[in-house]
Amino acid sequence: MSETPQILFNDGAAYERFMGIWSRLAGDVFLDWVAPAPGLRWADIGCGNGASTELLLDRCAPALVEGIDPSPDQLAYARDRLAGRPARFRQGSAMDLPYADGSFDAAVMALVLFFVPDPARGVAEMTRVVASGGTVAAYAWDMLGGGFPIAVIQDVMRESGLPVPLPPSVEASRRESMRALWSAAGLRDVALRPITVSRHFADFDTYWTTSVQGPALSAVMAGIPAAEAEALKERVRSRLPIDPAGGITATATANAVKGLKP
């Protein structure tokens, strides 16, 4: 079996069709739970194509959002989508944030924590750049609990002997891991909750095309013969309930965590 491909984020539009919509569905519930005050200075760590930044701008009336991400292509998409709004973007690492201590009132990672090679360092950096009394929060798909939006496709791939790309720090998506990370960073009033959301697709083909063109599967699908891809597609189709109108409703679950800096 060939080496499992890495998950690479280099197409902002493709990411938006696949994960950006899922991110907003989970993010709406997440922000209701965090319940931030208006007028805050936010750090959006791993902002990607700006989906989470846009949600902060739409929902939280921030004074400013600073987004940081390692992908120049994703950042270019984010700058275009949010031109003229109070958001700034720069390229960088979650493990070495280019901000002074206490620069923000809140820091968030939206579907990012499990992509950080050293999650403890990433949470420590978020904590460092937040002022006393500020919020450090995150949500991530429950990858090991079957919560990823395309978990059914991944299950069928494994059964078929195909490699399934996973984030480098997948264990960080567990609630118990999140609690440990937030507590180790010295945060107080640490709280956790699951977030379950659903997304409707007009038909199975729309669900399939959207899912396999995302960064989690595109490299795998490009590397297998067309007949094998078609067989995989049909096995997935047989696993999903299709409503009378031909639509598909997919469900995903994220784990969320928040804490306050002393």
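Quick note: numbers below take in every heavy atom, side chains included, and nothing from hydrogens, waters or symmetry partners. In this chain, residues are counted from 1 in sequence order. Note that the coordinates shown come from a computational prediction; the quantities given were computed from them, not determined experimentally.
Side-chain contact between Gln213 and Ser218 is absent, with no heavy atoms from C-beta onward closer than 4.5 Å. Side-chain contact between Arg179 and Asn255 is absent, with no heavy-atom pair separated by less than 4.5 Å. With a 4.5 Å cut-off on side-chain heavy atoms, Leu232 and Val156 count as touching. A heavy-atom distance below 4.5 Å is found between the side chains of Arg90 and Pro98. Residues Gln154 and Leu166 form a side-chain contact, since some pair of their non-hydrogen atoms from C-beta on lies under 4.5 Å apart. Arg199 has its side chain out of reach of Pro149: every pair of non-hydrogen atoms, C-beta onward, lies at least 4.5 Å apart. In this structure, Phe30 and Leu55 have side chains that are not in contact, with every pair of non-hydrogen atoms separated by 4.5 Å or more.
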Output, in order, the C-alpha distance, side-chain angles, deciding distance and verdict of side-chain hydrogen bond (donor to acceptor under 3.5 Å, both in side chains) for Ser93 and Asp96. CA-CA 5 Å; Ser93 167; Asp96 186 18; over 6 Å; no
When you look at Asp205 and Lys233, which way does the salt bridge (Lys or Arg N to Asp or Glu O under 4.0 Å) test go after all the steps? CA-CA 9 Å; Asp205 284 341; Lys233 177 180 177 180; 3.0 Å; yes
Hey, mind stepping through Asp101 and Val129 against side chain to side chain contact (heavy atoms under 4.5 Å, CB included) and telling me if it holds? CA-CA 4 Å; Asp101 296 358; Val129 303; 5.7 Å; no
Take Val220 and Met157 through the test side chain to side chain contact (heavy atoms under 4.5 Å, CB included) and record every step on the way to the result. CA-CA 10 Å; Val220 176; Met157 289 172 66; 3.6 Å; yes
Quick one, Glu16 with Arg81, criterion side chain to side chain contact (heavy atoms under 4.5 Å, CB included). Give me CA distance, side-chain angles, the key distance, then yes/no. CA-CA 11 Å; Glu16 185 64 21; Arg81 83 185 291 169; 2.9 Å; yes
Please lay out, stage by stage, how Asp32 and Arg59 fare under the test side chain to side chain contact (heavy atoms under 4.5 Å, CB included). CA-CA 9 Å; Asp32 284 343; Arg59 290 286 313 273; 2.4 Å; yes
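Electrostatic pairing of Asp44 and Arg88 does not count as a salt bridge here, judged by no charged N lying under 4.0 Å from a carboxylate O. In this structure, Arg237 pairs ionically with Glu234, as a charged nitrogen and a carboxylate oxygen lie closer than 4.0 Å.
Across Glu171 and Ser177, no two heavy atoms sit closer than the pair O-OG, 2.9 Å. Counting all heavy atoms, side chain and backbone alike, Glu125 lies closest to Ala94 at CB-O, 3.6 Å. Of all the heavy atoms in Gly39 and Asp105, the pair that sits closest is O-OD2, 4.5 Å. Arg193 approaches Arg175 most closely through the heavy-atom pair C-CD, 4.3 Å. Of all heavy-atom pairs between Leu31 and Cys60, the closest is CD1-SG, 3.9 Å. In terms of heavy-atom proximity, Ile195 sits nearest to Ala256 at CD1-CB, 3.8 Å.
Of the inter-residue distances, the one linking Asp80 atom CG with Leu75 atom CG reads 11.0 Å to the nearest 0.5 angstrom. Here Asp142 contributes atom CG and Ser173 contributes atom OG; the two are 5.5 Å apart, rounded to the nearest 0.5 Å. Note that the CG atom of Asn49 and the CZ atom of Phe89 stand 9.0 Å from one another [nearest 0.5 Å]. To the nearest 0.5 Å, atom CH2 of residue Trp42 and atom CZ of residue Phe104 are 12.0 Å apart. Here Cys47 contributes atom SG and Met109 contributes atom CE; the two are 11.5 Å apart, rounded to the nearest 0.5 Å. How far CZ of Arg85 is from CG of Leu64: 12.5 Å, rounded to the nearest 0.5 Å.
Under the 4.5 Å side-chain contact rule for hydrophobic residues, Val29 and Val108 share a cluster. Connection of Leu40 to Leu82 is established within a shared hydrophobic cluster, with ILVMFWY side chains joined at heavy-atom distances below 4.5 Å, either directly or through further cluster members. If you chain together hydrophobic residues whose side chains sit under 4.5 Å apart, Val130 and Val190 fall into the same group. Residues Leu181 and Leu97 share a single hydrophobic cluster, defined by chaining ILVMFWY side chains whose heavy atoms lie under 4.5 Å apart. Note: the hydrophobic cluster containing Ile68 does not contain Leu57 (ILVMFWY, side chain heavy atoms under 4.5 Å, direct or indirect links).
A side-chain donor-acceptor contact under 3.5 Å links Tyr139 to the backbone of Ser23. In this structure, Thr210 contributes its side chain and Thr206 its backbone to a donor-acceptor pair below 3.5 Å. Remark: side-chain polar atoms of Ser238 are paired, donor with acceptor, to backbone N or O of Arg235 under 3.5 angstrom. Looking at Ser169, its side chain never comes within 3.5 Å of a backbone N or O of Ala172 through a donor-acceptor pair. Remark: side-chain polar atoms of Ser103 are paired, donor with acceptor, to backbone N or O of Ala100 under 3.5 angstrom. The backbone N or O of Leu162 sits nowhere less than 3.5 Å from a side-chain atom of Ser160 that would complete a donor-acceptor pair. Checking side-chain atoms of Glu66 against main-chain N and O of Ala43 turns up no donor-acceptor pair under 3.5 Å. Using a distance-only test at 3.5 Å, with no hydrogens or angles considered, no donor-acceptor pair links the side chain of Arg174 to the main chain of Leu144. At least one donor-acceptor pair closer than 3.5 Å links the side chain of Arg121 to the backbone N or O of Met95. Of the possible donor and acceptor atoms, one in the side chain of Arg128 sits under 3.5 Å from a partner among the backbone N and O of Tyr99.
Because its NZ or CZ atom is both nearer than 6.0 Å to the ring centre of Trp33 and within 45° of the ring axis, Lys258 counts as a cation-pi partner of that residue.
A donor-acceptor contact closer than 3.5 angstrom links the side chains of Thr251 and Ser198. Asp69 and Gln74 form no side-chain donor-acceptor contact under 3.5 Å, judged by distance and modelled atom types alone.
Taking the six-membered ring for Trp and thresholds of 30 and 60 degrees, Phe204 and Tyr207 have ring planes inclined between 30 and 60 degrees apart. Below 30°, between 30° and 60°, or above 60°: for Phe201 and Trp22 the angle between ring planes is between 30° and 60°, a tilted geometry.
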